Amino acid sequence: MKVTLKDGSVIEANAGATVLEIAGNLSQALKKDALAAKVDGKVVSLDEAIEKDCTLEILTFEDEEGKHALRHTASHVLAQAVKRLFPSAKLAIGPAIENGFYYDFDIETPFTAEDLKTLEKEMAKIIQENLPVTRTELSRADAKKLMAEKGEDYKVQLIEELPEGETISFYTQGDFTDLCAGPHVSSTGRVKNIKLLRSAGAYWKGNEKNKMLQRIYGTAFYKKDALLEYLENLREAEKRDHNKLGRELKYFTTAPEVGQGLPLLMPKGAKVIQIMQRFVEDEEEARGYQFTKTPLMAKSDLYKISGHWDHYQDGMFILGDEEKGEEVMALRPMTCPFQYMIYKATHHSYRDLPVRLSETSTLFRNEASGEMHGLIRVRQFTLSDAHIIAVPDQVEDEFKGVLDLIVYMMKATGIENDVTYRFSKWDPANTEKYINDPEGWAFSENLMKKILDDIGLDYYEAKGEAAFYGPKLDVQFKNVFGKEDTLFTIQIDFGLAERFDMYYVDANGDKQRPFIIHRASLGCYERTLAVLIEKYAGAMPLWLAPEQVRFLPITDRAIETCKKWETIFKKVGVRATVDTRSEKIGYKIRDGRTERLPYMLVVGDKEIEDGNFAVWKRGEGDLGPKDAEGVLKDILQEIEDLTIF
RNA sequence: GCCAACGUGGCUCAGGGGUAGAGCAGCUGAUUCGUAAUCAGCAGGUCGUGGGUUCAAUUCCCACCGUUGGCUCCA
């Protein structure tokens, strides 16, 4: 039998030889690090017997699939440890995930932090035992019988749900057997470096109507150094956590009396948001948007038309009790219906379209109490919102124009390489959540797909992530904990024009339904601020820095000169202050560094004499004395360079 | 909303059944200083809130509120 290797070379092997045996002929190093293999493109365990000619690729921890196999086995080791220490626990599922693995258990009492330590020790034992991991296949009936005998109700359910004809396989290590498609590494001894990270509740099948299971998250690495480095990186990343740093640097705070999800933006945070807002509004105006200012609340009637009353009521703050005969109002969770009323207030010819209505819009959403997170998930936020009402022919160009605007905003804030694009589609099975109009969905999703492919955007598709009225292109960002959130979004809405009876008059004098694009250009400012704090570890780009320049007088004699320059800097739009405290220069520098100031300009007797500043620049340190006028010019130039492309 | 952990002065934390401590920040005074913390003094907390157990609770128990991570949801 001929086995073709990754490098194209062909080796002879006996039919029925296992991958490991074949690999053994290759090189000791590769054999030692081998975790799994790819045979004809299919990932398999190393004990897989090969019967006929094939291509073979050995997978190590360097390969995604190898990493996956190791971590998947680690999750089985965890499950085995749980079954040993908590025999009554029932197994649900335990996959490898991006940076590790988890396993869900149904257990009477949730795991404590202590339990995790004990489990980790038990896992170490199982690893020490170096149990071979073996695969067996069973018929559907036998598989069900086996799991039912063991009382593994969840596994029985999983088997029942497997499609007809699917191979049903089990993996066994010592006294532990689990339903699993595999592949796995060859023995528990291969899983060397594990760490359990946390326990958490998780609903069976991710549905909150189902029972809550106990999930344990962990990670595993092939090399110990890599594990330690990963854990260290986690700690480092968390130092950039906007929720900690943003408070320390006085961007925002919260107060229990004000409420959950209602952050208070302090002067520095408010300043950054103001800068972004001005930037966005100026840019949008230049790109043909018109601005509106609409009410923060409306009668329930409006939301009944829009569909929010049916699809989004849980997410709204509702005022007034209908049963008491009061008028029922709701704080707005979205801007759309308000801007639609503006559109409807005028008759529109096809010649008027597209109409681009923008609004810096404060919205209210009643998030579940466990959901709030710093500035990223809040109950009140301000969105750089807009709706483009267009004739069908214009949708493509408008969509591309919006994407161009968003990319422009990302370049200005420097985050264009930190995002991923998600094409969010509906889930036909979930008629509760979505407008049930399969034709409309098909049309708008195809249209969006065509546009995305046309642009050549690198995106992935996600079912069940659409808005209730149409598909979305979401620009996703991961925070320091690896949690992903939507930063910007472009949505094609095929449903609401009909509901609101919005129309334009076409060339034949007939009424036609327009398409509507919903979009956010720089997202919601609170969230964007959070992202910037994490991205830059609090050191805002110069043009966004709430304080750009601080003058540091060395003695009181220099205060007057500093104040004079402060006025000059401010006059040309540079945000400058003077540190007039009677402290040593080292103390003031230290303070400025902690606050991540972009520039500190030190002024002493020498500088006054020579008309200089001793320049301290963030990231570069002490640059020595420079001509005062020249410094101002350079700073102004730098600010301009950052925002003009 | 659900699961877990946590809640001590503005911040970071120590302590622990007998009614609280440090550093930083703040204030006052002195110092006028050359690139990551000048010195001294002062002030600041009914230990998240409310119940319960106890002779006694900040410490133990319960509930609520809040914070953090996860689930569901989502800009």
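Throughout, a chain's letter reflects where its sequence line sits, starting with A, and its residues are numbered from 1. Predicted, not measured: the structure shown is a model, and the values here were computed from it. These numbers come from the heavy atoms of this one structure, side chains and all, not from hydrogens, waters or symmetry mates.
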query = Could A:E465 and A:K472 be called an ion pair, given the rule that one side-chain N must be under 4.0 Å from one carboxylate O?
reply = no

request  = Compute whether any side-chain donor of one residue and acceptor of the other, for A:E638 and A:Y599, lie under 3.5 angstrom apart.
outcome  = yes

task = If the plane angle is over 60° it's perpendicular, under 30° parallel, otherwise tilted; pick one for A:W565 and A:F569.
result = perpendicular

task = Pick the C1' atom in B:G16 and in B:U59, then give their distance to the nearest Å.
result = 6 Å

query = Please, which pairs that meet side chain to side chain donor-acceptor pair (under 3.5 Å) have at least one residue in residues 265-281 of chain A, sequence neighbours excluded?
reply = A:K271-A:Q274, A:Q277-A:E281, A:E281-A:T360

inquiry  = For the C1' atoms, the ones on B:G26 and on B:U12, what distance do you get once it is rounded to whole angstrom?
reply    = 16 Å

ask   = Is the gap between the ring centers of A:Y217 and A:Y102 under 6.0 Å?
value = yes

key: Nearest-Å distance for atom pair CE/P, residues A:M600 and B:A37   = 12 Å

note = Answer for the Watson-Crick or wobble partner of B:C13, both distances under 3.5 Å, is B:G21

Taking only distance into account, with no hydrogens and no angle test, what donor-acceptor pairs under 3.5 Å do side-chain atoms of residues 544-552 of chain A form with protein atoms, sequence neighbours excluded?
from, atom 1, to, atom 2, distance (Å)
A:E547, OE1, A:R550, NH2, 3.0
A:E547, OE2, A:R550, NE, 2.7
A:E547, OE2, A:R550, NH2, 3.3
A:E547, OE2, A:T577, OG1, 2.4
A:Q548, OE1, A:R575, N, 2.8
A:Q548, NE2, A:L542, O, 3.0
A:R550, NH1, A:E595, OE2, 3.4
A:R550, NH2, A:E595, OE1, 2.9
A:R550, NH2, A:E595, OE2, 3.4

key: Within 6.0 angstrom of A:M212 CE, more than 12 heavy atoms from elsewhere   = yes

key: B:G1 pairs with, by Watson-Crick or G-U criteria that keep both distances under 3.5 Å   = B:C71

ask   = Would a line drawn from the ring center of A:H242 to the ring center of A:Y251 be shorter than 6.0 Å?
value = no

key: A:F111 aromatic ring stacked with six-membered ring of B:A4, 5.5 Å and 30°   = no

Enumerate the protein-to-nucleotides 62-67 of chain B contacts in which both atoms are nitrogen or oxygen and the separation is below 3.5 Å.
from, atom 1, to, atom 2, distance (Å)
B:U67, OP2, A:Q260, NE2, 2.7

request  = Would you name the heavy atoms of A:L522 and A:F488 that are closest together and state the gap between them?
outcome  = C-CE2, 3.2 Å

request  = With P as the reference atom in both, quote the distance from B:C42 to B:U49 in angstrom, rounded to an integer.
outcome  = 28 Å

Spacing of the P atoms in B:U46 and B:G10 (rounded, Å) = 9 Å

ask   = Around A:K205, counting heavy atoms of other residues, nucleotides and ligands shown, do more than 12 lie under 6.0 Å from its NZ?
value = yes

task = Please work out which residues in residues 528-537 of chain A have a non-hydrogen atom less than 4.0 Å from an atom of RNA chain B and list them by number.
result = none

Between B:C74 (P) and A:E484 (CD): distance, integer Å = 14 Å

remark   = Scanning all shown strands, the Watson-Crick or wobble mate of B:U38 with both distances under 3.5 Å is B:A30

ask   = Is A:D474 salt-bridged to A:R422, going by a charged N under 4.0 Å from an acidic O?
value = yes

A:F338 ring center within less than 6.0 Å of A:Y340 ring center = no

remark   = When both distances are under 3.5 Å in a Watson-Crick or G-U wobble arrangement, the nucleotide paired with B:U53 is none

key: Closest nucleotide among B:A75, B:A4, B:G70 to the A:A200 side chain   = B:G70

inquiry  = Distance check, P atoms only: B:G34 and B:U28, in whole angstrom units.
reply    = 25 Å

inquiry  = Please report the distance, rounded to the nearest Å, between CZ in A:R590 and C1' in B:A25.
reply    = 12 Å

key: Whole-angstrom distance between B:C64 and B:C2, as gauged at atom P   = 8 Å

task = Identify whether NZ of Lys or CZ of Arg in A:R71 sits under 6.0 Å from the centre of the six-membered ring of A:F101 and within 45° of that ring's axis.
result = no

task = Could you check how far NZ of A:K478 sits from P of B:C74, rounded to whole Å?
result = 20 Å

message = Please confirm whether the shortest side-chain N or O distance from A:Y217 to OP1 or OP2 of B:C71 is below 4.0 Å.
response = yes

query = Does B:C47 have a Watson-Crick or wobble mate here (both distances under 3.5 Å), and if so which one?
reply = none

key: Presence of salt bridge, A:E122 and A:K117, under 4.0 angstrom   = no

request  = Using the P atom on both, measure B:G17 against B:A75 and round to a whole Å.
outcome  = 50 Å

request  = Quickly work out the A:I107 CD1 to B:A4 P distance and round it to whole Å.
outcome  = 12 Å

request  = State whether A:K244 places a side-chain N or O below 4.0 Å from either non-bridging phosphate oxygen (OP1 or OP2) of B:C11.
outcome  = no

With the criterion being N/O to N/O and under 3.5 Å, what pairs connect the protein with nucleotides 31-35 of chain B, and how long is each?
from, atom 1, to, atom 2, distance (Å)
B:U31, O4, A:S582, OG, 2.5
B:U32, O2', A:R557, NH1, 3.4
B:U32, O2, A:D556, N, 2.9
B:U32, N3, A:D556, OD1, 3.1
B:U32, N3, A:D556, OD2, 2.8
B:U32, O4, A:D556, OD2, 2.7
B:C33, OP2, A:R557, NH2, 3.4
B:C33, N4, A:S582, O, 3.3
B:G34, O6, A:D605, N, 3.3
B:G34, O6, A:K606, N, 3.2
B:G34, N1, A:E607, OE1, 2.8
B:G34, N1, A:E607, OE2, 3.3
B:G34, N2, A:E607, OE1, 3.2
B:G34, N2, A:E607, OE2, 2.4

message = Whole angstroms only, please: what is the CZ-P distance between A:R519 and B:A75?
response = 15 Å

request  = Kindly state which residues belonging to residues 402-428 of chain A come within less than 4.0 angstrom of RNA chain B, counting heavy atoms of the residue only, listed by number.
outcome  = none

request  = Could you state the atom-to-atom distance from NE2 of A:H373 to C1' of B:G69 in whole Å?
outcome  = 9 Å

message = Between B:C71 and B:G48, how many Å separate the two C1' atoms, rounded to a whole number?
response = 26 Å

query = A:Y408 ring centre to A:R287 NZ or CZ under 6.0 Å, with the angle to the axis within 45°?
reply = yes

Sugar-phosphate only, base, or nothing, as touched by A:A520 at under 4.0 Å among non-hydrogen atoms = nothing

inquiry  = Under 6.0 Å between ring centres: does that hold for A:Y434 and A:Y469?
reply    = no

Atom-to-atom span, CG of A:L196 to P of B:A5 - whole angstrom = 16 Å

query = According to a strict under-4.0 Å criterion, is A:Y587 in side-chain N/O contact with OP1 or OP2 of B:A25?
reply = yes

